[in-house]
Structure formats: structure tokens, C-alpha cells
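Treat the numbers as computed from the prediction; the structure is a model and nothing was measured.
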There are 2 protein chains.
Amino acid sequence: MKNAIGREIPEYIEGYGQVVPYAGAFATPPNRQRQSPPVKWNKPGESKLIAGLEAVFRRVPVKDGMTLSFHHHFRNGDGVVNMVLTTAAKLGLKNLKVALSSIFPVHAPLIEHIQNGVVTALDTNYMSGPVAEAVSRGLLAQPVIMRTHGGRARAIECGQLKIDVAFIAAPAADNYGNLNGVQGPAACGSLGYAFPDAEYADCVVAVTDHLAEYPLSPVSIPQTRVDYVVVVDRVGDPQGIVSGTTRITKEPVGLKIASLAAKVIEAAGLIQDGLSFQTGAGGASLAVAHYVRQKMEQTGVRGSFALGGITGYLVDMLEKGLFQKILDVQGFDLEAIRSLTANPNHLEIGAGFYASPFTSGCAVNKLDVVILGATEIDTDFHVNVVTGSNGMIMGGSGGHSDAAAGAKLTIVVANLLRSRLPIIVDNVLTATTPGETVDVLVTERGIAVNPGRESLRQQLTAAGLPVKTIQELKEMAEQIAEKPKAIQTGEKIVAVVEYRDGTMIDVVRQMGD
Amino acid sequence: MKNAIGREIPEYIEGYGQVVPYAGAFATPPNRQRQSPPVKWNKPGESKLIAGLEAVFRRVPVKDGMTLSFHHHFRNGDGVVNMVLTTAAKLGLKNLKVALSSIFPVHAPLIEHIQNGVVTALDTNYMSGPVAEAVSRGLLAQPVIMRTHGGRARAIECGQLKIDVAFIAAPAADNYGNLNGVQGPAACGSLGYAFPDAEYADCVVAVTDHLAEYPLSPVSIPQTRVDYVVVVDRVGDPQGIVSGTTRITKEPVGLKIASLAAKVIEAAGLIQDGLSFQTGAGGASLAVAHYVRQKMEQTGVRGSFALGGITGYLVDMLEKGLFQKILDVQGFDLEAIRSLTANPNHLEIGAGFYASPFTSGCAVNKLDVVILGATEIDTDFHVNVVTGSNGMIMGGSGGHSDAAAGAKLTIVVANLLRSRLPIIVDNVLTATTPGETVDVLVTERGIAVNPGRESLRQQLTAAGLPVKTIQELKEMAEQIAEKPKAIQTGEKIVAVVEYRDGTMIDVVRQMGD
């Protein structure tokens, strides 16, 4: 069958089940009850401290076929996923599903666990590195479920992702399971992506290398949801967890695009008191923040909040009064951690608060502007951030589709050419974020406005910005570089791409040779 | 049938249902799934602001027979319950259940709403004043359900108390439903008792008189759970919400008891680093804190945390380093609010975190010492804090049974005589807190230790404290005042007293004339 954006998807997929086709960004209401995990109890005097992972596996007990979940706040410095899966392998467990919010190169040992049948299913919002490549080549018998950050929170709360045991890597914990991410040697800042796991898993195990005095504070994840606390030598590599600082790009094309994006925001009338803003941690995204900041300073605008993945650059804007609050689901650098620790206007939020479409209102709904990237965008403004030009999985939505759906103005910034190939195509290989939620594409050679936003196009044109049609930009690119050949994929579905509401927006087929 | 402490209770009660008898403080496991309310959604651009209560009643819509819930953080200054029920009456609604965590004299208009059939059921943890008197005299056709503070959180989370609409009186709110209790003219401090309502009600309405800029912080109750925000002129009377300061008793007998209680704590070996402590806000309870503090200062002890209802006295101890943290489910005075606002070591906690027996571990489980009161205590150490000497309801467990069950050392402090009647009886009229969770009774004439705590008795005796049997204390009292006559009650059950785990510990029968 075809979904609402014309992607060909099966009605049923082995290892996934019945498919609900994507029907529009806000076309599919929840129509269900919240997940209801078993009620637990704990009596006075009972200890939650367990000596080592093997002991906790036996105590839970972890069994064949279970779903184990993990968060990705330790990024490429994570040590806990590998440690837990090594334990699983050692104990002879099979057929586990790993629900890890993002998969990084450090998680390469997953490949062996999959080859050995220890792990047979993956559920994630983003993957890059060896696991992504192996999955693209058909490593798993059943497709990986790829979600958005808000969609994962939605799937957990709605019971579509049922977690048997959540292993929560905790930079700091007390002996009764209060956890935070801002203390200890592996401090990572916000633990927001682990909030849904802690809330809804049948069993919650905290893994920490920093046991603090009871009661720990601040409390990011509370004792009421944590069943066991395991102390290990080292939860991860601090170098891989946070960068020292995140910096603005110095690359001239990137700066030009960023400057143009800031002009789009200005022309749209959004450089005004109450401005709310999300951008990524990449150098080009930060450059947009830099130009927006200049305009705010010039006009004396007092913004409302910055959202999403937080960097020192946004912290500085908070401290200068350019934003009143930061809502932090993930910190990227040491400055973000410092600020979260000390500044009461810097708030930690969970993944559901950040972006779940099925709550009484998530934070992306209050966004004025979001700056997003793309590996491809097509003439219907559908964006691909899952697969690269060779068809290999090299990312995922993360918060991309969520923020695009929520923000008043969604801007995709991209070089017109990427790896010498035009960024604009007739049809993206993998639709991730639907075009109806993308307002503007900004490239170094011009700006394209979604035809559904005619008044915005007029505003940008009136402001003297280089507005083109997306077809015009595409042709420009094709004059510089050749039109890319269609990618040949295999038949096997290696991943399904769920939209934030749980409908299927696309599938990823096995890479060709 | 008789429950485990010999109280005669029916197997089935009209308007309540099948009765599960109390079987022991930790004898009844949960055996159920968590409540699963409907999943909601909210799209970008949708406003939650509703102009007035009538409009919100129509929007929800509120219907006959629904359960409306409220919190009691505004205490006797609350304006919201009456406002909402006046609206219900005006709109002709009938047969509502009011689940209000505590009922105060200010809620007297409830009587008329009950007489008119607008309200036909009550669910609460404490009641005093005209409503309690009217209930005692048989106002309602079906029994009031009386719970503990932790038990209410448990009942909501476990689905035994199903809330259709939670009306949350909010000292401060933003237009998207983030709420806190520390800002605005009706600041009350912690909003902890409203946390379960916000988390599990089918619909959540915030009622505020202080609309702050989005995003409000701190966030006590998040936008993800709040559906509507209604701004009213005034949510309550600040004078009734908080006292300026709470003071230690100056009454000599009270001071003597308090001093003796502190000596019990010392003799039990608990004046040591890591001491955790809960006491009430009454002058006599505060006096215990005062004497404990002296001993801590003399010995240089560094306590861990203070828990429960928080006063300026405990705040001062926090600020002096005598406690490292305060866990605050309810603030009683302006100092408590100031501290919660400004001190990162003063943490707001919800009712479930505080005391629900059916979580992965609540805070009372980590208590060393709790100081509690009693209107009666019997020779089995069962305590009554529900009914007075004439059989009238004049209180309720609140956190009494919860803290008693959790703490290592539970001390009941009481004058040997109360209103010229002995406090110790053969059988309390209404068993509220079971004797197995009460360790020591401290009176001005001596100390009785629960026979189940023989080693504690030896410690107290060795310390030279005036240890008697509870029978000896009872006889002493009866030599001063006559043994009270048994209270004659009617047959009708006007209230059921649920233990924190949802089993029935006792019933309250209609007052005699």
C-alpha cells in the first residue's frame, strides 16, 4: 500500500506486525490507554544495592526474549550497553531486543551479539557507525524499528514499546535509586531520554560508578521507579560523553547558509520578544544561533526559551538574558552540564515533555523556530536523515520530525551539494520528516519555501531574500553536479521508519552491493 | 468478619464494595497493574486557556456521577473546592464524588452540596470541622473513604481511585499548564499531594490566579499532564494557606514529653550521623525537634534528611547543616516556601515518593525516627487519629500510618490525659495505625515500649528512662481520671478507614446522640 506521502509500504511486516500507514502529521489520534506496568513494592529495610551485573540478571531475572532498554546520553563514551550485553552473552541469554535510544560506533560489539543470537531485535531513534552499516547490509532477520525521540517516549507511554528491564546508566545514584546526570566522573547533563524507560519499564536497574549519600539531589529519576542499583568501576569514557566545548563552524559556505537562515527568521517576523528556538549542536546550526543572537542584540529582543540538545552557546545566551529559560533534554558540552547544575532557569526535561505527540502538550509545540539538517530533501520537501547517498543507514530522526512538526517555522539548512551530489532530489530514498512540516529550505545559492506557505514566501521575497522554487534550486545543483543515479536497493526491509505518532512513514531496504 | 487486629468489619459495604481485611502492615502485596488513563494529545497552536470554570465544565465536559479531585495544600484558606462545586451546582450536576486529600472547616459548603445531591461521595485522608461533624452524624448515604497520604497516592496509581477530572489549585501557572506552588499571591510551597492526581486523572484542569510567562519554572506539575488552565480572581486566602511562622509549644507538659521523646531517640542510638527525621507541625512535635537538635549540636551529629510537612524550624536545621536535605511534600509556613524556592537541598516530593507503599520505594522507608500524635492508643499500641472521645470524626491518618510503617523508630507522644480522659484505652474506637508499626508511647508520666521491641525496651531501661508497661500507664491515668465509658455508636457505617495498602483496618459508625 501507499501512505499519505506516496511511500510504498507493506501492510504487514514480519517481526513488526500490522502497519499503520502515515496519514498526515496530525491525522492519527492516539485512541488508546496508557501503558500499565505491574505495580511494585519495596519494604522498609530492603536494600536495592546488588553486587554486579550478573547478580542483578539473576535477581530480576533477565530471561530469553526480553526487551532491555538503554539511553544514549553517554553517546560514543557509553560503557553500559556493552557491559550489560556481555553479561547477557556470558549467561547464555538469547533473543533479546535492545531498545537503545541512539546507537553509536562504540556499540559495535552489538554486531557480534546479533551474530550469536544474543540480540535479535533493535529499536532506536538514530544509528551511525558499524552497527548501522551491518544493519544496512542485512545483519538482522527482522527490521530495526527507527523512531523519533518524541515517538520513542510515545511508544513507551502508549505500550507499543514494552520494556522488560531498563538499564539506566547513571552518572550519580544513591543507594535507594535516586539518579541524576550532573554529578560523578561520567556526568552527562540531562537524563531526559531515560525518563520514559524509568517510568514504564517492568524493572529498572541503575548502573553507576558514583554512589552518593542518600538522598541524592537533584533527582532526575526517582527512587520510586528504580528497583536495583549496581555499582561498576566505570560507566563510560568521559571524553566520549561530552565534548569540552562546541564551536561555531568557520567554513564560509556554512556561515553563508547560517546568515541566510537568520534573515529568514527575521523576515518571518519572529525576531521578537518571546522568541523560542531549537538548533542542533553541529557547527553550522550553532552558526545560525550566532546570527540570530546578533539580530536579537541589535533589536533588544528578549527571547523565551531554547530547546533540545543544549550547548555552551545557548547557555551563554541564557546567561546574557537573551533567553529566559533552557529546556534541556540532552546536554552536549561541559558548559551545558555546569549550567544545568547551577542555574534554576536551566531545566531538565524528559523525552515526553520534549517531544511526545501524545501528551497534553509537549515543548516542541511551543517552538517558534527550529533549524534542522538533511541528507536529502525532495521537491515535496520530504526530508531524509536516515540513509546516505549509498543507501546506508547513517542517522535517524532523533528529534528532527518532532521539532519540525511542532515549530511555527521549520528551516532546513543544507549545502546545495553534499559529497558532490545534489541535496535536492525528486524523491528522497528514505522519507523521515514529511514535507508538510518543513517550511523553508536554505542553501548557499538560495531559499525555497514550501508551496503550502505562500504568505511566508511573500514575506521573504519582500525582504529581498533570494527566494527560488525548490525545482529551481534542484536544477542549479544539477548544473554543477550530475543528477545522482537512483540507488539500487535489495528487497529485504532492514528498518522501518516510524513517524512520531507510530504510523509508518517509510521503510529502509537492504543496501545494494 | 474480623481483620488481623480483631476489628469487626463487613465483608461487603454498599457504596464501597468488597472489603479486603487488613492482614498486617506488609502482608498484602499489590498484585495488579498500574492505572492506565486515556492517552491524550495536543497539537501545536492549541490553547489551554479557558475563560472561567463554567466554560471548562462544558469543555471537559463534566458529567453527573464523575469523580472530581482536589488537593489540600491551601488548607483552611482554600477557595478552589468551593468555587468548583458552586459551578457544579449551578450547572445542575448531580452525584459527584469529591476526592479531596484533606477537608477543612472552610469546606463547609460541601454539606449543602451533599444535601442537594450535587455531591454524593467523599474520599479523603483527613477531615475536621463542619463536614466531619455532619458526616459523623450520617450526612452521606455511602461511607466516606478515608485513606492515608501514601494510600491515596497508591489508590490513584493502582486505579482504585479513578479520577475523572482533577482540579488543581495552582499558585502559579503558565498558559500551557506548567504549575508550581512557590510563586504568586497564594504561594503554598510544595504541591506534592496533587502529583498523583495530575499524573493519572483522565482530565486535568489547573485553576490559578497567577499566570506567569511560558515556560514557568520551577515545574512541579508539567504541561504534559495538564489539559486546561483557568484563571480566576483569587484561588484562596493566603492567611489561611500558610501561617507566618510555626512555633514550639511553651506548655510545660508538652515540653516534658518532648524532652523525654528526644531521650528515647538518643537511648535508641539514633542520634548519629545520617539521622533522618519526621515530625508534625504542631507545637509539641516541634519541641521534639528542638530537643533532638540540642543533642545533635552537642554531639556534632550531621543528620541526613527531614521529611514530611515542613516548617521553618526544620529549614533552620537544614541551613545550619544539621540536615543535608529536606524532602517536602507539604510546607506549613513562609520559611518553608522561601527555602523550597531558593535552596537546592530542599526538594519537593510527591505523595507517592513520600509514602506510597506500592512503589519501588518511598521516602518513609528511609526514616529513622517519626514523632506522631494520637487521640487514643490502646494496650495493643493501635492508634486512633480519626475519631474523638465522642465518636466524632476529627482528623484522619494523613501520613500517620505511612510514617509509622516506614520508620525504624515510631514514637507516639501524648499527654496521659486528653480532655480529662485517659489517652490509653483497652480498645481504640477507630483503629487507624496498627500497633505493630508503633514502637514507643511517650507520656509525661512515663514511656511504654511495644512488647514486640524487647531490645529497645532494654536500651531505654538501661538509659535510666522511666519505662513502664502500657497497662501501668493506663492504670496511672485511670487513677487520675475515671475510666471513660464505652462510646455508644449507631449501626450505620459513615466512614471506612483504609490502611495504606488498601486493606480495611476499621470502620467508623454513626455518632450516637
Side-chain angles (χ1 to χ4, degrees), chain A residues 26 29-46 48 154 157-159 176-177 204 213-215 217-219 222-227 274 276 304-305 324-325 327 344-345 347 349-350 352-353 356-367 405-408 501, chain B residues 26 29-46 48 154 157-159 176-177 204 213-215 217-219 222-227 274 276 304-305 324-325 327 344-345 347 349-350 352-353 356-367 405-408 501:
Chain A
F26 298 98
N31 291 334
R32 51 169 60 231
Q33 308 293 117
R34 238 187 270 167
Q35 177 160 188
S36 59
V39 172
K40 294 179 277 194
W41 68 338
N42 180 289
K43 293 173 242 179
E46 283 179 6
K48 296 185 184 180
R154 182 267 312 151
E157 183 153 293
C158 292
Y176 215 46
V204 178
E213 203 178 323
Y214 182 90
S217 69
V219 176
Q223 64 185 43
T224 47
R225 296 297 183 223
V226 176
D227 301 295
S276 56
S304 169
F305 68 94
Q324 308 314 304
K325 306 281 165 78
L327 303 180
N345 293 318
L347 313 179
I349 60 170
F353 190 114
S356 170
F358 292 169
T359 69
S360 296
C362 58
V364 296
N365 287 357
K366 298 290 267 185
L367 267 182
K408 284 200 192 85
D501 61 6
Chain B
F26 298 98
N31 290 334
R32 52 169 60 233
Q33 307 294 116
R34 238 186 269 167
Q35 177 162 185
S36 59
V39 173
K40 294 180 277 194
W41 68 337
N42 180 290
K43 292 173 244 179
E46 283 179 7
K48 295 185 183 180
R154 182 268 312 150
E157 183 153 293
C158 293
Y176 214 46
V204 178
E213 203 176 322
Y214 181 89
S217 68
V219 177
Q223 64 184 44
T224 47
R225 297 299 184 220
V226 176
D227 300 295
S276 56
S304 169
F305 68 94
Q324 308 314 304
K325 305 283 165 79
L327 303 180
N345 293 318
L347 314 180
I349 60 171
F353 189 114
S356 171
F358 291 170
T359 69
S360 296
C362 58
V364 296
N365 288 358
K366 298 290 267 185
L367 267 181
K408 284 200 193 84
D501 61 5

- [ ] Identify the heavy atoms of B:Y176 and A:C362 that sit nearest to each other, and give their distance.
- [x] CE2-O, 3.6 Å

- [ ] Answer with side chain, backbone, both or neither: which region of B:V219 has an atom nearer than 4.5 Å to a non-hydrogen atom of chain A?
- [x] side chain

Task: Leading residue by heavy atom contact count with chain B [cutoff under 4.5 Å; candidates A:K43, A:Q35, A:E46] - done: A:K43

Open item on the list: Please rank B:D227, B:I349, B:D501, B:N31 by heavy-atom pairs under 4.5 Å with chain A and give me the top one.
Closed with: B:D227

Task: Contact class of B:K408 relative to chain A, heavy atoms under 4.5 angstrom - done: neither

Task: Pairs of heavy atoms under 4.5 Å with chain B: top-ranked of A:K40, A:E213, A:E157 - done: A:K40

TODO: Please name all residues satisfying side-chain contact (heavy atoms from CB on, under 4.5 Å) with A:K325, sequence neighbours left out, ordered by chain then number.
DONE: A:F305, A:N345, B:P215, B:S217

Open item on the list: Can you tell me which portion of B:P29 sits under 4.5 Å from chain A's heavy atoms? Options are side chain, backbone, both or neither.
Closed with: both

- [ ] Using non-hydrogen atoms and a 4.5 Å limit, figure out which bit of B:A407 sits close to chain A: side chain, backbone, both or neither.
- [x] neither

Open item on the list: Which one wins on heavy-atom pair count under 4.5 Å against chain B: A:K48, A:R34, A:R225, A:R154?
Closed with: A:R34

Open item on the list: Run the side-chain contact (heavy atoms from CB on, under 4.5 Å) test on B:N365 and A:Q223 for me, step by step, so that the C-alpha distance in whole Å, both residues' side-chain angles and the decisive distance to 0.1 Å come before the verdict.
Closed with: CA-CA 11 Å; B:N365 288 358; A:Q223 64 185 43; over 6 Å; no

Open item on the list: Which atoms of B:V39 are under 4.5 Å from chain A, going by heavy atoms: the side chain, the backbone, both sets, or neither?
Closed with: both

TODO: Could you tell me which portion of B:L327 (side chain, backbone, both or neither) has an atom closer than 4.5 angstrom to a non-hydrogen atom of chain A?
DONE: side chain

TODO: Taking the side chain as every heavy atom from C-beta outward, state whether B:S360 and A:V226 have any atom pair closer than 4.5 Å.
DONE: no

- [ ] Among the options B:V204, B:L347, B:L367, pick out the one with the most heavy-atom pairs lying under 4.5 Å from chain A.
- [x] B:L347

TODO: Only counting residues at least two apart or in another chain, list the ones meeting side-chain hydrogen bond (donor to acceptor under 3.5 Å, both in side chains) with A:Q324.
DONE: A:R302

Task: Pick from A:G361, A:G350, A:P218, A:P222 with the largest number of heavy-atom pairs that fall under 4.5 Å of chain B - done: A:G361

TODO: Apply side-chain contact (heavy atoms from CB on, under 4.5 Å) to A:S304 and A:K366, showing your working.
DONE: CA-CA 10 Å; A:S304 169; A:K366 298 290 267 185; over 6 Å; no

Task: Residue pair A:F353 / A:T359, side-chain heavy-atom distance below 4.5 Å - done: no

Open item on the list: Using every non-hydrogen atom in the two residues, find where A:A363 and B:Y214 come nearest and quote the distance to one decimal.
Closed with: CA-OH, 4.1 Å

Task: Structural part of B:P37 lying under 4.5 Å from a heavy atom of chain A - done: both

